[in-house]
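Structure, as structure tokens:
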There are 2 protein chains.
Amino acid sequence: LLELQGVGKVYGESGLSVAALRGVDLRVEAGELLSIMGPSGSGKSTLMNLLGCLDRPSEGRYLLEGRDVALLTDNELAEIRNRRIGFVFQTFNLLPRSTALENVELPLVYRGLPAAERRRLAREALEVVGVGHRLTHRPAQLSGGEQQRVAIARAIAGNPGVILADEPTGNLDSRTGEEIIALFQRVNRELGVTVIQVTHDLHRARQTRRIVRLRDGRVVDDRPVPEA
Amino acid sequence: LLELQGVGKVYGESGLSVAALRGVDLRVEAGELLSIMGPSGSGKSTLMNLLGCLDRPSEGRYLLEGRDVALLTDNELAEIRNRRIGFVFQTFNLLPRSTALENVELPLVYRGLPAAERRRLAREALEVVGVGHRLTHRPAQLSGGEQQRVAIARAIAGNPGVILADEPTGNLDSRTGEEIIALFQRVNRELGVTVIQVTHDLHRARQTRRIVRLRDGRVVDDRPVPEA
Ligand SMILES: Nc1ncnc2c1ncn2[C@@H]1O[C@H](COP(=O)(O)OP(=O)(O)OP(=O)(O)O)[C@@H](O)[C@H]1O
Ligand SMILES: Nc1ncnc2c1ncn2[C@@H]1O[C@H](COP(=O)(O)OP(=O)(O)OP(=O)(O)O)[C@@H](O)[C@H]1O
Ligand SMILES: [Mg+2]
Ligand SMILES: [Mg+2]
């Protein structure tokens, strides 16, 4: 489904030069449930941005269902980002002047769904992550963990085939974090959704089936989680 | 040093009404090292904002060194916020158009320190938290954990008497998180700095000396951490 071949990423704007990823090979099959771990600054978010077509490699190739992403048109890329992939950002990236409900509804607009249907799907997603009682709050009126869950709801509401979640439980107590990983396990098991999460929590990582480790922009380990 | 008496906080703007804290009694002596835990949405950040004089209680009293904060002048409050308390925000709150170094230097301007001294203190704080190699990066050019550490550096650079850290290790791998808690332990032990951290990580909480637990805006537990 997703394949990175010799992928590198160098950030070079405004005089800085940082090799955030180097020589990354990664193959993810449809229906996998895996975790990416590694020290702060090791390139995990950079990797997720490439997988989510939010940025392009500086070198190497990214094949999405066998097609080189560099050869896709802007329309095709937009369709992938808006309909096929649900992205949970490490810093949430919610619209500050929209309510929780509006934030979750917005990506559904791209699907051409009628307003009543969008509202229903958005409401359901917010209830599933436990913030159904905060629909009318704007981000500044939400706790950190509530904002994080709105970001998760936004990623799942449109039923994407792939969920990319960048540290989705970092601001959550362990019980709420447990509910989120259970949600990922459920959509993976019942709907075949491919789930890739970045996490710093080994406990959360072991609730997936494979752990890929980065260090200084390289993959240094990639193995299945042993059956419990 | 810090005392909350019957403190409540209701958020009531734009038609919403949320009782985020109710009937909170809390006494913190100078030199303590303690953790605040509780479910997402239970009122921890609200409590920290009150302790840091960033907001006022809706009911009850907050005594800071025996003085009712409600009776302090704006100048006195500003002096407390800028010089006596270092605050690490859950969502970092870095200035997007300033570099890491500039972000850490800014609070030191209020102390009337000369530029060379500010630069030295800021650089040292950034090195201590391990982002000395990212001084010229702006927040958008930093990883999530690097942004979090810049926020920590900003809070400690001016040697405040009290550090309030709202989930300071949520975006950090365990080894980097270990370095941060070790830093808090060190300034507490060697400089007598009072440190209050919100954390969702029981392991990090047990590296402090007392754990206060919130649930639905109330303190439901408050006890020392047993000696290891
Ligand atoms: N400005 C506001 N207006 C209305 N409600 C608010 C506002 N800020 C926070 N709240 C609500 O108050 C409650 C407590 O928020 P707070 O940020 O203190 O929680 P928290 O314990 O820090 O949670 P987390 O662990 O998720 O960061 C939450 O349910 C939140 O929705
Ligand atoms: N736009 C940018 N310009 C320059 N350097 C950048 C930029 N974005 C990220 N970096 C650097 O690239 C490296 C990798 O960043 P990335 O965000 O992928 O790390 P990460 O593994 O997600 O870290 P964390 O666990 O702290 O979130 C970091 O050292 C960071 O400073
Ligand atoms: Mg990251
Ligand atoms: Mg909070």
Side-chain angles (χ1 to χ4, degrees), chain A residues 11-18 20 37-46 48 89-92 94 96 99 129-131 133-149 166-167 169-177 179-180 198-203 205 213-215, chain B residues 11-18 20 37-46 48 89-92 94 96 99 129-131 133-149 166-167 169-177 179-180 198-203 205 213-215:
Chain A
Y11 290 113
E13 76 261 16
S14 51
L16 304 172
S17 178
V18 176
M37 299 189 80
S40 173
S42 56
K44 305 177 299 296
S45 296
T46 301
M48 295 290 269
F89 294 91
Q90 185 170 5
T91 50
F92 319 150
L94 300 177
T99 65
V129 299
V131 291
H133 61 315
R134 293 286 183 260
L135 300 184
T136 58
H137 287 231
R138 289 178 172 73
Q141 298 167 326
L142 294 170
S143 79
E146 290 166 347
Q147 291 177 39
Q148 186 155 46
R149 286 180 278 162
D166 197 346
E167 298 193 35
T169 62
N171 280 279
L172 300 175
D173 54 283
S174 59
R175 182 166 153 196
T176 312
E179 290 167 20
I180 294 304
V198 170
T199 182
H200 282 308
D201 187 329
L202 188 56
H203 182 66
R213 288 183 181 272
L214 296 186
R215 174 178 289 281
Chain B
Y11 290 113
E13 73 261 17
S14 50
L16 305 172
S17 178
V18 175
M37 301 189 78
S40 174
S42 57
K44 305 179 298 297
S45 295
T46 302
M48 295 289 269
F89 294 91
Q90 186 171 4
T91 50
F92 320 150
L94 300 178
T99 65
V129 299
V131 291
H133 61 316
R134 292 286 183 260
L135 300 183
T136 58
H137 287 231
R138 291 178 171 71
Q141 298 168 325
L142 294 170
S143 78
E146 289 166 347
Q147 291 176 40
Q148 185 154 46
R149 285 180 279 163
D166 197 346
E167 298 192 37
T169 61
N171 280 279
L172 300 176
D173 55 283
S174 61
R175 183 168 153 194
T176 311
E179 291 168 19
I180 294 306
V198 170
T199 182
H200 282 307
D201 187 329
L202 188 55
H203 181 66
R213 288 182 182 274
L214 295 187
R215 174 178 288 282

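Everything numeric here is computed off the predicted structure, so don't read it as measured data. Here is how names work: the chains are called A, B, and so on, in the same order as the sequence lines, proteins then strands, and each is numbered from 1. Just so you know, these numbers use all the heavy atoms, side chains as well, and skip hydrogens, waters and symmetry mates.
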Where does [X] contact chain A at under 4.5 Å (heavy atoms): side chain, backbone, both or neither?
X	value
B:Glu146	both
B:Val18	side chain
B:Arg138	neither
B:Leu172	both

Minimum-distance pair of heavy atoms, taken over all atoms of [X] and [Y]:
X	Y	answer
B:Asn171	B:Gln148	N-OE1, 2.8 Å
B:Pro96	B:Pro139	O-CD, 3.7 Å
A:Leu16	B:Gln141	CD1-OE1, 3.4 Å

Could you tell me whether the side chain of B:Asp173 and the main chain of A:Ser40 form a donor-acceptor pair under 3.5 Å?
-> yes

Start with the C-alpha gap between B:Leu135 and B:Thr99, add the side-chain angles, then the distance that decides, and say whether side-chain contact (heavy atoms from CB on, under 4.5 Å) holds.
-> CA-CA 7 Å; B:Leu135 300 183; B:Thr99 65; over 6 Å; no

Greatest number of heavy atom pairs closer than 4.5 Å to chain B - which of A:Arg149, A:Met37, A:Lys44, A:Gln147 | A:Arg149

